[in-house]
Enquirer: 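Below you'll find the structure I mean.
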Amino acid sequence: MISSQLIDTLDRLPSALQTEVLHYAQYLATQHLQSSESEQPPTKYRQAGTLQGMFTMTDDFDAPLEDLQDYM
């Protein structure tokens, strides 16, 4: 299909142009590989409230600690 058309067209080109086409094809291949490797999955954002009800705090959470009485 396209491969045979490409080869036929390349065969009709002079050797210098065939070399240029080869270099360009290699460039395109490396660019494609680099872009596909660097693609990262979309960032998943955290949703607020997903841990609601998973833990509780005691009523005296803000009360001073007994171990620190000497410093107050």
Side-chain angles (χ1 to χ4, degrees):
M1 301 214 174
I2 190 111
S3 300
S4 61
Q5 291 174 344
L6 183 60
I7 291 171
D8 290 340
T9 304
L10 284 173
D11 285 338
R12 286 187 263 136
L13 291 175
S15 154
L17 290 178
Q18 288 178 358
T19 304
E20 283 188 46
V21 171
L22 173 65
H23 291 159
Y24 184 64
Q26 290 172 339
Y27 167 77
L28 289 176
T30 57
Q31 291 300 316
H32 175 69
L33 287 175
Q34 288 175 356
S35 68
S36 64
E37 289 174 357
S38 66
E39 290 179 7
Q40 298 176 352
T43 304
K44 294 182 180 179
Y45 294 100
R46 296 184 220 160
Q47 185 175 2
T50 55
L51 293 177
Q52 184 175 2
M54 297 293 287
F55 61 94
T56 57
M57 289 189 192
T58 59
D59 292 334
D60 64 346
F61 177 77
D62 292 329
L65 298 175
E66 293 176 11
D67 295 341
L68 300 177
Q69 288 296 328
D70 295 338
Y71 301 103
M72 294 186 169

Enquirer: Does D59, at its CG atom, have more than 12 non-hydrogen atoms belonging to other residues, nucleotides or ligands within less than 6.0 Å?
Expert: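 Incorrect, the count does not exceed 12.
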
Enquirer: With a cut-off of 6.0 Å (strictly less than), are more than 12 heavy atoms of other residues, nucleotides or ligands near CG of D8?
Expert: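 Check passes, neighbour count above 12.
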
Enquirer: Tell me, please, which residues at least two apart from F61 pass side-chain contact (heavy atoms from CB on, under 4.5 Å).
Expert: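 Only M57, T58 meet the side-chain contact (heavy atoms from CB on, under 4.5 Å) criterion with F61.
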
Enquirer: Is it the case that more than 12 heavy atoms not belonging to E66 sit under 6.0 Å from its CD atom?
Expert: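 No, not enclosed.
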
Enquirer: Could you note down all residue pairs passing side chain to side chain donor-acceptor pair (under 3.5 Å) where residues 9-25 supplies at least one of them, sequence neighbours left out?
Expert: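 Qualifying pairs: none.
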
Enquirer: Do the side chains of Y71 and L65 join up, straight or via other hydrophobic residues, at under 4.5 Å, putting them in one cluster?
Expert: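 Result: yes, single cluster for both.
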
Enquirer: If the condition is side-chain contact (heavy atoms from CB on, under 4.5 Å), which residues does L22 pass it with, not counting sequence neighbours?
Expert: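 Partners of L22 by the side-chain contact (heavy atoms from CB on, under 4.5 Å) criterion, ordered by chain and then number, come out as Q26.
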
